[in-house]
Structures are given as structure tokens and as C-alpha cells.
**Q** 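I'd like to ask some things about the structure below.
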Amino acid sequence: MALTLWREARLVTLAGTEGWGLIEHGAIVADGEDIAWVGPEADLPAGLRPAAEHRLGGALLTPGLVDGHTHLVYGGERAREFELRLQGASYADIAHAGGGILSTVNATRAADEDQLFASALPRALALAADGATTIEVKSGYGQALEPEARCLRAARRLGPASGLTVKTSFLGLHALPPEYEGRADDYVAAAISWLAPLAAEGLVDAVDAFCEHIAFTPVQTGRFFTAARALGLPVKLHAEQLSDQGGAALAAHHGALSCDHLEWLSEAGVRAMAAAGTVAMLLPGAFYCLRETRVPPVVALRKAGVPIALATDHNPGTSPLLSPTLAMNQACTLLRLTPEEALRGFTVNGAKALGLADRGRLVPGQRADFAIWDVQHPAELAYWLGRPMCRGTVIAGRPQ
């Protein structure tokens with residue numbers, strides 16, 4: 001393969017388990033889609049003859065950001081609910097009144113695939129403009145086989161159109177649609193029946209659910225996960241966001257890639273996640289928008305060695321956030337992560353939450369996914385508010 005050289009950069013390699021791994025006056029060589037060499041520019045291999053060379057003029061180079069929890073594909077918007085929450089309505093109040101997720105379900109069911117794709121693409125491009133190179137997109141607003149497939153097909157189209165790597169999750173248990181009112185078990189059975197055809201069409205990289213008192217019980221979630229694992233599909237869970245349902249321990253029992261939200265996570269849940277190697281995905285955008293006050297147990301997760309990932313959780317109701325760097329600031333300010341933990345949350349650990357071991361660090365053998373920043377120090381990525389910082393990205397060795 002042809003070699004490409006990036007030089008005159010300050011490299012944030014994240015090569016070890018802690019520390020920035022900063023290399024001043026650094027250079028990086030890609031061989032096709034993968035990183036072949038990383039180090040000080042003065043130590044470049046003798047006789048190197050790259051086919052292309054890029055001088056970055058002292059810019060900061062980090063691994064490309066991984067936004068591992070988004071709901072980018074949906075119809076409509078829910079700005080009115082933002083007003084209602086400011087007037088005192090809770091997330092549960094809005095959901096019980098027929099708003100929340102169900103209002104988005106109606107708008108999503110009314111949209112065709114092209115409309116869903118056209119509305120989601122600018123959102124994906126906004127994430128890319130803020131340093132993302134890999135994103136996850138969930139379904140969950142169709143809540144019937146055909147509209148769920150439509151959402152997942154639209155999500156698959158986002159990758160070629162944006163240049164991003166897009167991983168898809170079938171969020172089969174998100175909310176109970178109105179036609180199944182009072183028949184939650186029947187809906188779970190229906191969602192289980194959709195797993196095989198969606199997987200056969202190549203639309204599903206992972207399976208997700210919302211285990212909560214306003215959504216699905218641990219027993220129902222367990223049935224869904226058992227069926228998914230029988231098909232060889234990895235699972236992840238919206239867990240312990242509004243109450244402690246024991247969902248994290250349940251998900252860990254099924255070998256979950258991640259448990260997400262976790263404001264009400266118990267010590268038992270932390271221990272189960274640590275034993276299973278399940279990633280803790282914290283979502284500060286939803287925490288901020290819902291004006292939550294119960295902070296996820298970050299100290300306990302650190303002590304247990306549970307990897308902490310971050311994501312925007314972009315969705316129309318509770319986190320209309322399209323900036324990974326703002327999510328980093330929120331994670332530091334609201335959840336008390338360090339700037340280094342925040343960057344690792346959107347790189348190394350974000351990739352781990354998607355089951356991807358080939359990205360998230362700048363070391364030989366990893367994918368050549370980079371983000372180029374007009375800042376001096378990596379802590380600035382979590383420091384600035386509203387400042388455009390990303391000069392551009394490289395995905396699989398190709399400048400975007």
C-alpha cells in the first residue's frame with residue numbers, strides 16, 4: 001500500500017492506560033488504512049518515501065472521536081417538550097401523557113426512508129465536524145418491523161454519505177407503542193420475532209433495550225437479550241437512568257458491551273460490570289437537559305476498573321446535542337471526570353463500547369482515524385465552550 005505521512009504535529013497517542021501519551025514535534029505514517037509508525041519527527045525511518053505528505057503546522061492530532069450512543073434517525077422534533085420541562089413537567093410526566101418517545105414514533109412512522117436519511121445526514125455531518133470518525137446509530141422510533149428496518153437502512157446509508165464509520169443498534173425495546181397498551185409481553189415477543197429478519201438483512205450490529213419503570217422490566221429485557229445472544233448479536237442497555245432496576249447486572253450477565261446512563265447504578269451493578277468487562281457509557285447531555293442531580297458513581301467505577309465511555313446521546317427529546325467536545329465539557333463540569341478521562345471516553349473506551357479494538361489510540365496497527373485540532377493542549381478539548389476547534393479528520397487514512 002502507499003504510505004502517507006503527517007508531520008509537524010503534537011500527537012496525543014493515548015498509548016498507555018493513563019496519561020495523554022503526548023509527543024511533541026511528532027509524525028505519523030499510515031500504510032493504507034492503518035497506522036504504520038508513530039513517533040518524534042526526528043526519528044522518522046530513514047529512506048521513507050511517502051506517496052503523500054501533510055504538514056500540520058503544529059496542530060494537535062488525536063485519535064478520531066467515537067460517539068458510541070446516538071439516536072440520529074428519527075422524524076420530527078420535540079422542542080415543545082423542552083418548554084414543558086422548564087415549566088415543571090418530568091420526563092415520566094411527559095411520557096405518561098403520550099409525549100416523549102411516542103410522539104417521535106408517530107413522526108418517524110410517517111416518514112419514508114429518504115426523508116429519514118435526509119434529516120439524519122446533517123446531524124451526522126455535525127458530529128463529523130466536531131471530530132467524530134465513528135458513530136453508533138440506534139433505531140427504536142419505529143416500533144414495528146417495517147419502520148424499524150426503514151430506520152436502520154437510513155442509518156446504514158449515513159456511512160457512505162458522510163465518510164464516517166457507522167455502527168447500528170436495533171433498539172427493539174424502547175417504549176411500548178400505543179397499539180400494544182396493556183400487552184407489553186406481546187410486544188416483547190413481537191420485537192424478538194424481528195431480530196432474525198433484521199439481522200439477516202445485515203442491519204444490526206448490536207441489540208439495545210430500555211430497562212426502566214416507564215419502559216421494560218428486567219424479566220422482559222432478559223427474554224429479549226437471550227434471543228439476541230442466541231443469534232450471536234451483542235447487547236447493550238439503557239440502564240439505571242431514572243431508577244435502580246438491576247438492569248446493569250442483568251446486562252452484564254449477558255456479556256453486554258456497555259450499560260448506558262447509570263445515574264442510579266448500585267455497587268452490585270458496578271461489580272457485575274467490572275466482572276463482565278462491560279463499559280460504563282455516561283451521557284452528560286441527557287443529564288444536563290433533564291436537569292438531573294444524581295451523578296453516576298464515577299468514583300466507584302474508577303475504583304472497580306470499569307472503563308468509562310462518553311457519548312452525545314443525540315436524540316430529539318432529552319439530548320439534542322451534536323457536539324462531542326461539548327459533551328466532554330459537560331462530563332468534566334457535571335460528572336467530575338478529568339479532561340483526560342473525557343477524551344478517553346470518546347476514543348479508547350468509546351470504541352470498546354462498540355466492540356471495536358482497532359481504533360481509539362495512535363499506535364501502529366490501529367486504523368488511521370485522526371482528528372486534527374487547532375489547540376495547543378488536549379485539555380482544551382474539554383475546556384472551550386462553543387469554539388470551533390476541529391480543522392478536519394482522517395478516516396482509514398483518507399482526509400475528509
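FYI, side chains are in, hydrogens and waters are out, and symmetry mates aren't considered; it's all heavy atoms of this structure. Just so you know, residue 1 is the first one in the sequence shown, and it goes up from there.
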**Q** Do you see a donor-acceptor pair shorter than 3.5 Å between the side chains of Ser243 and Gln245?
**A** yes
**Q** Check the side chains of Thr165 and Arg367 for a donor-acceptor pair under 3.5 angstrom, ignoring hydrogens and angles.
**A** yes
**Q** Does Asp313 come within less than 4.0 Å of Lys138, counting only side-chain N to carboxylate O?
**A** no
**Q** In terms of heavy-atom contacts, does NE2 of His213 have more than 12 from other residues, nucleotides or ligands at under 6.0 Å?
**A** yes
**Q** With the side chain counted from C-beta on, respond yes when Arg156 and Leu152 share a heavy-atom pair under 4.5 Å apart, and no when they do not.
**A** no
**Q** Any side-chain heavy atom of Val207 sitting closer than 4.5 Å to one from Leu231?
**A** no
**Q** Is Leu173 close to Phe210 at the side-chain level, that is, under 4.5 Å between some pair of heavy atoms?
**A** no
**Q** Once rounded to the nearest 0.5 Å, what's the spacing between atom CD of Glu41 and atom CZ of Arg55?
**A** 7.0 Å
**Q** Following the transitive rule for hydrophobic clusters with a side-chain heavy-atom cut-off under 4.5 Å over Ile, Leu, Val, Met, Phe, Trp and Tyr, establish whether Phe370 and Met328 coincide in one cluster.
**A** no
**Q** Between Thr393 and Gln400, is any side-chain donor less than 3.5 angstrom from a side-chain acceptor?
**A** no
**Q** Can you confirm whether Glu24 is buried at CD, in the sense that more than 12 heavy atoms of other residues, nucleotides or ligands lie under 6.0 Å from that atom?
**A** yes
**Q** Whether Arg391 engages the ring of Trp373 as a cation-pi pair (distance to the six-membered ring centre under 6.0 angstrom, angle to the ring normal within 45°) should be assessed.
**A** no
**Q** Under a 3.5 Å threshold, yes or no: a donor from one side chain and an acceptor from the other, between Arg361 and Thr13?
**A** no
**Q** Using the rule given for side-chain contact (heavy atoms from CB on, under 4.5 Å), can you reason through Thr221 versus Leu237, listing the C-alpha separation, both sets of side-chain angles and the distance that settles it, and then say yes or no?
**A** CA-CA 9 Å; Thr221 302; Leu237 184 66; 3.7 Å; yes
**Q** Would you say Val279 and Leu356 are hydrophobically clustered, going by side-chain heavy atoms of ILVMFWY under 4.5 Å?
**A** no
**Q** Taking C-beta and beyond as the side chain, do Glu212 and Gln241 meet within less than 4.5 Å on heavy atoms?
**A** yes
**Q** To the nearest 0.5 angstrom, please state how far the CD1 atom of Ile28 sits from the CH2 atom of Trp6.
**A** 7.5 Å
**Q** For Glu33 and Arg359, run salt bridge (charged side-chain N to carboxylate O under 4.0 Å, His left out): C-alpha distance rounded to whole Å, both residues' side-chain angles, the deciding distance at 0.1 Å, then the answer.
**A** CA-CA 11 Å; Glu33 296 185 355; Arg359 66 203 68 192; over 6 Å; no
**Q** My understanding is that only one of Asn315, Thr104, Thr318 makes a side-chain hydrogen bond (donor to acceptor under 3.5 Å, both in side chains) with Arg78; could you say which?
**A** Thr104
**Q** Taking everything shown except Phe82 itself, do over 12 heavy atoms lie less than 6.0 Å from its CZ?
**A** no
**Q** Does Gln87 CD have over 12 foreign heavy atoms under 6.0 Å away?
**A** yes
**Q** Hey, mind stepping through Val12 and Leu343 against side-chain contact (heavy atoms from CB on, under 4.5 Å) and telling me if it holds?
**A** CA-CA 10 Å; Val12 182; Leu343 182 58; 4.0 Å; yes
**Q** How long is the span from the OG1 atom in Thr108 to the CG atom in Asn106, to the nearest 0.5 Å?
**A** 8.5 Å
**Q** Check whether more than 12 heavy atoms from other residues, nucleotides or ligands sit under 6.0 Å from atom CZ of Arg387, and answer yes or no.
**A** yes
**Q** Closest approach of Leu5 and Ala27, non-hydrogen atoms and distance?
**A** CD1-CB, 4.1 Å
**Q** side-chain contact (heavy atoms from CB on, under 4.5 Å), that's the test. Do Leu265 and Met273 meet it? Break it down for me.
**A** CA-CA 10 Å; Leu265 179 65; Met273 290 174 65; 4.0 Å; yes
**Q** Under a single-linkage rule joining Ile, Leu, Val, Met, Phe, Trp and Tyr whose side-chain heavy atoms are separated by less than 4.5 Å, which residues share a cluster with Leu164?
**A** Leu72, Val73, Leu116, Phe117, Leu121, Leu125, Leu127, Ile135, Val137, Leu158, Val166, Leu322, Ile395
**Q** Run Met389 and Thr325 through side-chain contact (heavy atoms from CB on, under 4.5 Å) and show every step you take.
**A** CA-CA 9 Å; Met389 293 179 282; Thr325 55; 4.0 Å; yes
**Q** Using ring centroids (six-membered ring only for Trp), state whether His314 and His69 fall under 6.0 Å.
**A** no
**Q** Examine Leu335 and Ile308 and state if one hydrophobic cluster contains both, with Ile, Leu, Val, Met, Phe, Trp and Tyr joined whenever side-chain heavy atoms are less than 4.5 Å apart.
**A** yes
**Q** Just wondering, do Asp260 and Leu283 contact through their side chains at under 4.5 Å, heavy atoms?
**A** yes
**Q** What I'd like to find out is whether the side chain of Pro40 reaches to under 4.5 Å of the side chain of Asp43, using heavy atoms alone.
**A** yes
**Q** State the OG-CG distance between Ser169 and Leu354, to the nearest 0.5 angstrom.
**A** 7.0 Å
**Q** Are any non-hydrogen side-chain atoms of Leu198 and Leu145 less than 4.5 angstrom apart?
**A** yes
**Q** Quick one: pull up CD in Gln143 and CG in Leu171 and give me the separation to the nearest 0.5 Å.
**A** 8.5 Å
**Q** Answer yes or no: is there a side-chain heavy-atom contact under 4.5 Å between Leu385 and Leu326?
**A** yes
**Q** Treating Arg229 as the side-chain partner and His254 as the backbone partner, does any N or O pair qualify as donor plus acceptor under 3.5 Å?
**A** yes
**Q** Which atom names give the shortest non-hydrogen contact between Pro178 and Leu102, and what distance separates them?
**A** CD-CD2, 4.3 Å
**Q** From the options Tyr383, Trp20, Trp384, select the one residue that forms a ring pair (Phe, Tyr, Trp, His ring centres under 6.0 Å) with His377.
**A** Trp20
**Q** Determine the sole option in Phe224, Tyr141, Phe216, Tyr187 for which the ring pair (Phe, Tyr, Trp, His ring centres under 6.0 Å) test with His174 is passed.
**A** Tyr141
**Q** How long is the span from the CZ atom in Arg398 to the CG atom in Asp369, to the nearest 0.5 Å?
**A** 9.5 Å
**Q** Using the rule that two of Ile, Leu, Val, Met, Phe, Trp, Tyr join whenever any of their side-chain heavy atoms come within less than 4.5 Å, decide whether Tyr180 and Phe170 are in one cluster.
**A** yes
**Q** Checking side-chain polar atoms at under 3.5 Å, does Gln366 have a donor or acceptor matched by the opposite partner on Asp34?
**A** no
**Q** Any Lys/Arg nitrogen of Arg80 or Glu83 sitting under 4.0 Å from an Asp/Glu carboxylate oxygen of the other?
**A** yes
**Q** Do you reckon Leu381 sits in the same ILVMFWY cluster as Leu310, going by side-chain contacts under 4.5 Å, direct or chained?
**A** yes
